[in-house]
Every structure is written in C-alpha cells, then in structure tokens.
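Take this structure, written in structure tokens, and hold onto it; I'll ask about it next.
Every heavy atom of this structure was used, including side-chain atoms; hydrogens, water molecules and symmetry mates were not. Residues: numbered from 1 along the sequence shown.
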Amino acid sequence: MSKVNKAVKCFEDGYNCSQAIFATYGKEFGISPEQALKIASGFGGGMRIDGTCGAVTGAFMVLGLKFAKGKDRPYDKIIKFADAFCRRNKSTNCQALIGCDIRTKQGMEKATNEGLFRSVCSQLVKDSAEILETMLTDDSSD
C-alpha cells in the first residue's frame, strides 16, 4: 500500500488528519507511529482554533524532520508545500476548507451529519500526502 493510501486509511480509521500524515511518514525519520500519534494529536481540525488544516500541519512536521538542520528552518519547503496545497484547495484554513466551524456544536454537527470529514477531509489528507511524496522524493526540492 502506498504511503498516500496509508495516510488516508489512517484517517478513515479514526485518527485525525494531522496524525494520519505524521504517523505515516514519521517512522522513516525515527519517530515511532505511537510517538507520532501523540505528537500530532492536538493538530487535527485546525487545532480546534480555526487554524491551519491538520493535514497541512502534519506535513509541516514531516518537512521539518526531513529538511531542518540545526538552527536552519525549512521555511522555503513550508511555503512550497502551502502553495501547492492552496493550488489544489484554495486555502490551508480548516474552516474555509470544510465550510463550517467545528469549534462549535452546530459546526461539528454539520460536519458529522453531512459527512464532511469523510468526503472533504479524506481528500485533504490525500492531497497533503501526494504533495509530500513529491517533495520528499524530488531532488530539485532542495
């Protein structure tokens, strides 16, 4: 199974979007799946503060593991990833992406009742993993 499919399956098995990405890719950088699930646990659903999509923050963590060196930070990779994600989805903001505010009871009910986590968020996890795959394997991404 490809890592893209593993990430989507992890999400569909009940882990949040950030956990799905970080747990799928963390192992190759020395982070066990159990550690990755704990580290990423608070980043799903825009961190529940109307923030950046968890599939994006999970990818940012992976990019840090791959490209950060000492005090050098991989902001160029973060920007490249965010630009690619926005080209596909028009935003990196959770609320804008799913069309409701899951911080509220009404927003969570809407997301659940309309199947947004399965329909929208699964695709966002897939998009994130596909972009990440390209960036991790593309020699010109340095």
Side-chain angles (χ1 to χ4, degrees), residues 1-104 107-142:
M1 178 183 298
S2 75
K3 286 188 179 173
V4 172
N5 291 336
K6 283 182 184 178
V8 172
K9 180 172 180 354
C10 185
F11 177 76
E12 291 176 349
D13 284 347
Y15 293 99
N16 75 41
C17 43
S18 189
Q19 288 175 308
I21 295 295
F22 195 55
T24 297
Y25 290 90
K27 188 173 181 180
E28 70 186 81
F29 301 103
I31 307 292
S32 74
E34 295 79 19
Q35 290 171 314
L37 292 170
K38 287 179 182 181
I39 291 167
S41 65
F43 291 87
M47 297 164 279
R48 296 289 166 91
I49 58 170
D50 189 28
T52 302
C53 168
V56 173
T57 58
F60 288 175
M61 287 186 265
V62 173
L63 292 171
L65 289 171
K66 170 75 175 179
F67 295 108
K69 296 182 180 31
K71 290 185 179 182
D72 292 337
R73 289 160 183 88
Y75 294 130
D76 57 329
K77 306 300 185 212
I78 300 298
I79 292 166
K80 183 177 179 178
F81 180 94
D83 287 348
F85 191 88
C86 283
R87 279 193 298 279
R88 291 185 184 203
N89 298 291
K90 309 293 185 234
S91 180
T92 60
N93 175 272
C94 180
Q95 184 174 336
L97 291 165
I98 64 173
C100 60
D101 185 352
I102 60 172
R103 295 176 300 172
T104 67
M108 185 58 84
E109 286 175 357
K110 176 181 177 176
T112 302
N113 293 340
E114 294 181 16
L116 299 177
F117 296 120
R118 181 163 291 281
S119 63
V120 175
C121 298
S122 288
Q123 183 62 47
L124 298 173
V125 168
K126 182 175 187 270
D127 288 346
S128 182
E130 287 174 350
I131 296 164
L132 200 52
E133 279 291 302
T134 300
M135 291 184 71
L136 294 175
T137 59
D138 182 5
D139 291 335
S140 66
S141 69
D142 287 339

I want to check something: taking the side chain as every heavy atom from C-beta on, are Pro74 and Phe60 in contact at a cut-off of under 4.5 Å?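 No, side chains not in contact.
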Report yes if some heavy atom in the side chain of Tyr25 is under 4.5 Å from a heavy atom in the side chain of Lys6; otherwise report no.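 When only atoms from C-beta onward are counted, Lys6 and Tyr25 do not touch, as no gap falls below 4.5 Å.
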Using 0.5 Å steps for rounding, measure from the NZ atom of Lys3 to the CG atom of Asn5.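 Between Lys3 NZ and Asn5 CG, I get 13.0 Å after rounding to 0.5 Å.
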Quick one: does any side-chain atom of Arg73 pair with a main-chain N or O of Lys71 as donor and acceptor, under 3.5 Å?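 Yes, because the side chain of Arg73 sits within donor-acceptor range (under 3.5 Å) of the backbone of Lys71.
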Please lay out, stage by stage, how Met61 and Ser18 fare under the test side-chain contact (heavy atoms from CB on, under 4.5 Å). CA-CA 9 Å; Met61 287 186 265; Ser18 189; 3.4 Å; yes
Does some side-chain heavy atom of Phe81 sit less than 4.5 Å from a side-chain heavy atom of Val56?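 Yes - at least one pair of side-chain heavy atoms lies under 4.5 Å apart.
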Over all heavy atoms of both residues, which pair between Cys121 and Ile98 is shortest? Give the atoms and the distance, please.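 The pair with the smallest heavy-atom distance is SG-CG2, 3.6 Å.
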Can you give me the closest heavy-atom contact between Ala36 and Ala23, atom names plus distance?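 Heavy atoms of Ala36 and Ala23 come nearest at CB-CA, 3.5 Å.
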Please name the residue in the list Ile21, Thr92, Val62, Thr52 that meets the side chain to side chain contact (heavy atoms under 4.5 Å, CB included) test with Thr57.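 The passing option is Thr52.
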If I compare all heavy atoms of Leu116 with all of Cys100, which pair ends up nearest, and what's the gap?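 It is CD1-SG, 3.9 Å.
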Is the backbone N or O of Asp50 less than 3.5 Å from a side-chain atom of Asn93, with the two atoms forming a donor-acceptor pair by type?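 Here the side-chain-to-backbone pair exists.
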I need the minimum non-hydrogen distance between Lys38 and Ser41, along with the two atoms involved.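 Looking at all heavy atoms of both residues, the closest pair is O-OG, 2.9 Å.
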Would a 4.5 Å heavy-atom cut-off, applied to side chains only, mark Arg88 and Ile131 as touching?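 Yes - at least one pair of side-chain heavy atoms lies under 4.5 Å apart.
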What are the two closest non-hydrogen atoms of Cys94 and Ile102, and how far apart are they?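 Looks like SG-CD1, 4.3 Å.
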Between CG on residue Leu132 and OG1 on residue Thr137, distance to nearest 0.5 Å: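 Result: 9.5 Å between the selected atoms.
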As a quick check of understanding, evaluate side-chain contact (heavy atoms from CB on, under 4.5 Å) for Met108 and Phe117, giving each step before the final call. CA-CA 10 Å; Met108 185 58 84; Phe117 296 120; 3.6 Å; yes
Is there a side-chain contact between Asn89 and Ser91, using heavy atoms and a 4.5 Å cut-off?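 Result no, sub-4.5 Å side-chain heavy-atom pair not found.
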Can you measure from CD1 (Ile39) to CD (Glu34) and round to the nearest 0.5 angstrom?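 That separation rounds to 11.5 Å.
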Chi angles and distances behind the side-chain contact (heavy atoms from CB on, under 4.5 Å) call for Gln19, Cys10: CA-CA 8 Å; Gln19 288 175 308; Cys10 185; 5.5 Å; no
Salt bridge (charged side-chain N to carboxylate O under 4.0 Å, His left out) between Asp13 and Lys9, worked out: CA-CA 6 Å; Asp13 284 347; Lys9 180 172 180 354; 2.8 Å; yes
Heavy-atom count around Phe29 CZ within 6.0 Å, excluding the residue itself: above 12?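 Yes - once you tally the heavy atoms of other residues, nucleotides and ligands closer than 6.0 Å, there are more than 12.
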Using a 4.5 Å cut-off on heavy atoms from C-beta on, say whether the side chain of Thr24 contacts that of Phe11.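 Of all side-chain heavy-atom pairs linking Thr24 with Phe11, none is under 4.5 Å.
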salt_bridge(Asp76, Lys80) N-O dist < 4.0 Å: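 Here Asp76 does not pair with Lys80 in a salt bridge, since their nearest N and O are not under 4.0 Å apart.
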Can you find a pair of side-chain heavy atoms, one from Cys17 and one from Leu124, that are under 4.5 Å apart?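 The answer is no, as the side chains (C-beta and beyond) never meet within the 4.5 Å cut-off.
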Find out whether Met135 and Lys66 are in side-chain contact, i.e. whether some heavy atom of one side chain is under 4.5 Å from a heavy atom of the other.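 A side-chain contact under 4.5 Å is absent here.
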Run the salt-bridge test on Glu130 and Lys126 with the 4.0 Å N-O cut-off and return the result as yes or no.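 Looking at Lys126 together with Glu130, the answer is yes, because their closest N to O distance falls below 4.0 Å.
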